[in-house]
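We count residues from 1, following the sequence as given. Owing to the predicted nature of the structure, the values given are computational and were not obtained by experimental measurement.
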Amino acid sequence: MIANRQVVLKRAPAAMPKAADFEVAGCPMPPGPPADGLLVRVIALSMDPYLGGRLRGRHMGEPAPAPGAKLPGFAVAQVIDSADEKFKPGEYVVAETGWARYAAIPAAGARKVIPGETPISAHLGVLGMPGLTAWAGVTQLANVGANDIFVVDAAAGAVGGTAGQIAKNLGARAIGIAGSAAKTELVIETYGFDDCIDYKVEGWQARLKTACAPGPTVHFENVGESVLRTVFPMLQNYGRLVLCGLAEHYHADGQPPMLPVGPIVGKRAAIYGLVVYDFYHRLNEWVDLATPWIESGKLAFHEDASEGLDSAPAQFERMLKGQHLGKAVVRVASDRA
Ligand SMILES: NC(=O)c1ccc[n+]([C@@H]2O[C@H](COP(=O)([O-])OP(=O)(O)OC[C@H]3O[C@@H](n4cnc5c(N)ncnc54)[C@H](OP(=O)(O)O)[C@@H]3O)[C@@H](O)[C@H]2O)c1
């Protein structure tokens with residue numbers, strides 16, 4: 001008999017969720033697909049910063065899951081049985097399965113993905129939601145081109161790393177900001193940014209100023225006030241600012257501080273709020289652009305994978321603390337049946 005297993009919320013997290021807030025336990029195997037859906041075998045779980053907020057009822061108005069509930073979240077999974085003729089057993093999907101080995105899910109939210117040369121888990125990172133977020137911010141909001149000086153923080157992550165490489169592929173100069181020597185090395189050596197500054201090393205502000213002289217024309221913000229406070233004053237007149245993520249504020253009390261209104265006027269700056277949900281219908285456009293870039297070496301990615309469903313709570317805590325390198329995932333099963 002096939003054994004199922006899932007991760008449930010043990011207690012409502014009071015602050016940033018920790019591994020101890022979760023419990024991994026055996027659970028019944030779904031008897032089959034739901035009437036409108038699929039029975040799937042989870043291959044890899046996506047560890048995303050928004051989930052930390054979602055567990056505390058702080059994400060896009062979605063209610064927090066109750067203690068005892070299975071952890072929500074997206075995964076790459078393989079169809080075992082299907083009640084929807086559009087999906088066949090053996091095919092792969094990206095879907096909200098929750099944190100479990102096996103799940104019965106509606107077909108409506110599942111997106112088919114075709115295995116290729118790139119590992120299938122890339123559909124959770126560079127070829128998935130984070131990659132689409134980067135593409136949307138760089139090309140659809142900031143409209144980056146050859147004359148731009150592009151700065152992005154959390155530059156080693158799936159969003160930041162992809163955003164800088166897209167900017168470079170469009171001819172811009174790309175400067176990253178990241179939080180460790182291993183991260184800056186990844187950003188320069190693997191992602192191919194022109195430079196990357198470690199903001200945890202004293203004097204980083206001066207180094208950034210030199211690296212992006214005469215000042216960024218585009219800044220892509222993933223972290224929040226502690227970076228923005230330094231980069232915004234460097235922005236050139238008519239610069240564009242993409243507000244994508246505020247990772248350092250997700251679990252802090254109160255609202256993030258407001259941007260100074262006077263300098264926004266003085267710089268004639270354009271500010272874009274980015275919500276990836278606005279661009280989901282264009283995901284194939286991004287995948288069609290990114291796939292040949294990956295195959296020809298123009299777009300690199302790095303995965304930080306932990307092994308087995310039982311590792312998910314600790315991997316999630318690492319990711320929320322920013323201790324991962326690249327895109328954080330949990331490998332639950334082999335992609336071969
Ligand atoms: N707007 C949207 O629709 C959308 C969609 C997807 C993602 N996002 C946002 O985009 C950003 C990047 O996403 P990602 O998936 O690629 O994640 P990620 O970059 O892999 O992880 C977040 C990074 O934020 C940095 N960070 C700085 N201060 C932090 C703090 N106090 N706590 C935790 N992290 C901190 C860390 O990098 P360093 O060590 O380098 O500082 C950390 O690795 C996140 O803010 C995410 O919420 C937004």
*With a 4.5 Å limit on heavy-atom distance, are the side chains of His251 and Leu320 in contact?*
yes
Heavy-atom donor-acceptor pair, Gln315 side chain to Met47 backbone, under 3.5 Å:
no
dist Gln236:CD -> Thr217:OG1 (nearest 0.5 Å) comes out at 6.0 Å
Distance col, row Ser334:OG vs Arg41:CZ, nearest 0.5 angstrom, shows 6.0 Å
Review point. Cys196 versus Leu186: any side-chain heavy-atom pair under 4.5 Å?
Key: no
Assess whether atom OH of Tyr277 is packed by more than 12 heavy atoms of other residues, nucleotides or ligands within 6.0 Å.
-> yes
Could you give the side-chain donor-acceptor pairs of residues 254-274 under 3.5 Å, partners two or more places apart or in another chain?
residue: Lys267; atom: NZ; partner: Pro233; partner atom: O; Å: 3.0
residue: Lys267; atom: NZ; partner: Leu235; partner atom: O; Å: 2.7
residue: Arg268; atom: NH1; partner: Gly266; partner atom: O; Å: 2.6

Q: Would you mind reporting whether Val231 and Pro216 have side-chain heavy atoms less than 4.5 Å apart?
A: yes
The reported gap from CG in Leu127 to CZ in Phe301 (rounded to nearest 0.5 angstrom) is 7.0 Å
Taken in chain and number order and not counting sequence neighbours, the residues that satisfy side chain to side chain donor-acceptor pair (under 3.5 Å) with Arg240 are Asp148
Closest non-hydrogen atoms of Leu246 and Gly224, given as atom of the first, atom of the second and distance, are CD2-CA, 3.8 Å
With clusters defined by side-chain heavy atoms of hydrophobic residues (ILVMFWY) lying less than 4.5 Å apart, directly or transitively, does Leu325 cluster with Leu299? yes
Note: Ala155 and Gly176 closest approach over all heavy atoms is CB-CA, 3.7 Å
Sorted by chain and number, sequence neighbours left out, side chain to side chain donor-acceptor pair (under 3.5 Å) with Lys327 holds for Ser46, Asp48
Check: residues 203-213 side-chain donor-acceptor pairs under 3.5 Å, at least two apart:
residue: Trp204; atom: NE1; partner: Tyr199; partner atom: O; Å: 3.4
residue: Arg207; atom: NH2; partner: Val201; partner atom: O; Å: 3.4
residue: Arg207; atom: NH2; partner: Glu202; partner atom: O; Å: 2.9
residue: Thr210; atom: OG1; partner: Ala206; partner atom: O; Å: 3.1

Just do the side chain to side chain contact (heavy atoms under 4.5 Å, CB included) check on Phe87 and Val40 with the steps written out, would you? CA-CA 11 Å; Phe87 296 88; Val40 298; over 6 Å; no
- request: Any chance you could lay out the side chain to side chain contact (heavy atoms under 4.5 Å, CB included) test for Gln78 and Ile120, step after step, and finish with the verdict?
  value: CA-CA 11 Å; Gln78 188 173 32; Ile120 197 123; over 6 Å; no
query = Where the side chain of His302 meets the backbone of Ala156, is there a donor-acceptor pair that is under 3.5 Å apart?
reply = no
Here the ring pair (Phe, Tyr, Trp, His ring centres under 6.0 Å) pairs for residues 54-76, sequence neighbours left out, are Tyr50-His59
- Task: Please test Val144 against Ile166 for side chain to side chain contact (heavy atoms under 4.5 Å, CB included), starting from the C-alpha separation and ending with a verdict.
- Result: CA-CA 9 Å; Val144 171; Ile166 297 170; over 6 Å; no
Pair up each side-chain donor or acceptor in residues 17-39 with any protein partner under 3.5 Å, not counting sequence neighbours, and list the distances.
residue: Asp21; atom: OD1; partner: Arg11; partner atom: NE; Å: 2.8
residue: Asp21; atom: OD1; partner: Arg11; partner atom: NH2; Å: 3.2
residue: Asp21; atom: OD2; partner: Lys18; partner atom: N; Å: 2.8

Hits for side chain to side chain donor-acceptor pair (under 3.5 Å) against Asp194, two or more places apart or cross-chain, chain-then-number order -> Lys168
side-chain hydrogen bond (donor to acceptor under 3.5 Å, both in side chains) pairs touching residues 112-128, sequence neighbours excluded, are Glu91-Lys112, Ser121-Glu303
In the structure I gave you, are the side-chain heavy atoms of Lys298 and Gln165 within less than 4.5 Å of one another anywhere? no
Rounded to the nearest 0.5 angstrom, the CZ-OG1 distance for Phe220 and Thr162 is 9.0 Å
Heavy-atom closest pair (Asp153 atom, Asn222 atom, distance to 0.1 Å) is OD1-N, 2.6 Å
- request: Check whether any side-chain heavy atom of Ile177 sits under 4.5 Å from a side-chain heavy atom of Val223, and report yes or no.
  value: no
Query raised in the report: Under 3.5 Å, is there a donor-acceptor pair between the side chain of Arg56 and the main chain of Ala14?
Result: yes
CD of Glu96 to CZ of Arg111, rounded to nearest 0.5 Å, is 13.5 Å
Checklist entry - Do Leu71 and Pro65 have side chains that get closer than 4.5 Å, going by heavy atoms? => result no
**Asked** Is there a path of hydrophobic side-chain contacts, each under 4.5 Å between heavy atoms of I, L, V, M, F, W or Y residues, that connects Leu243 with Leu132?
**Response** no
TODO: State plainly whether one hydrophobic cluster holds both Val151 and Tyr191, where clusters connect Ile, Leu, Val, Met, Phe, Trp and Tyr through side-chain heavy atoms under 4.5 angstrom apart.
DONE: no
Glu62 meets the salt bridge (Lys or Arg N to Asp or Glu O under 4.0 Å) criterion, sequence neighbours left out, with Arg54
Report task. State, with a plain yes or no, whether a side-chain heavy atom of Pro49 is found less than 4.5 Å away from one of Met319. Result -> yes
The complete set of side-chain hydrogen bond (donor to acceptor under 3.5 Å, both in side chains) pairs with one or both residues in residues 279-295, sequence neighbours excluded, reads Gln140-Arg282, Arg282-Glu285
Correct closest heavy-atom pair for Ile149 and Gly215 would be CD1-O, 3.6 Å
When rounded to the nearest 0.5 Å, the distance separating CD1 of Ile294 from CG of Leu289 is 10.0 Å
So the side-chain hydrogen bond (donor to acceptor under 3.5 Å, both in side chains) pairs with at least one residue in residues 179-188 (sequence neighbours excluded) are none
**Prompt:** Do Val242 and Val138 pass the side chain to side chain contact (heavy atoms under 4.5 Å, CB included) test, and can you show the C-alpha distance, the side-chain angles, and the key distance before you say yes or no?
**Reply:** CA-CA 8 Å; Val242 178; Val138 173; over 6 Å; no
Here the pair of heavy atoms bringing Glu248 nearest to Ala252 is O-CB, 4.1 Å
In short, Ala312 meets Leu45 closest at the heavy-atom pair CB-CD1, 4.3 Å
- [ ] Please examine the side chains of Arg318 and Asp304, heavy atoms only from C-beta on, and report whether any two atoms are closer than 4.5 Å.
- [x] yes
For Trp99, the side chain to side chain donor-acceptor pair (under 3.5 Å) test, sequence neighbours excluded, returns none
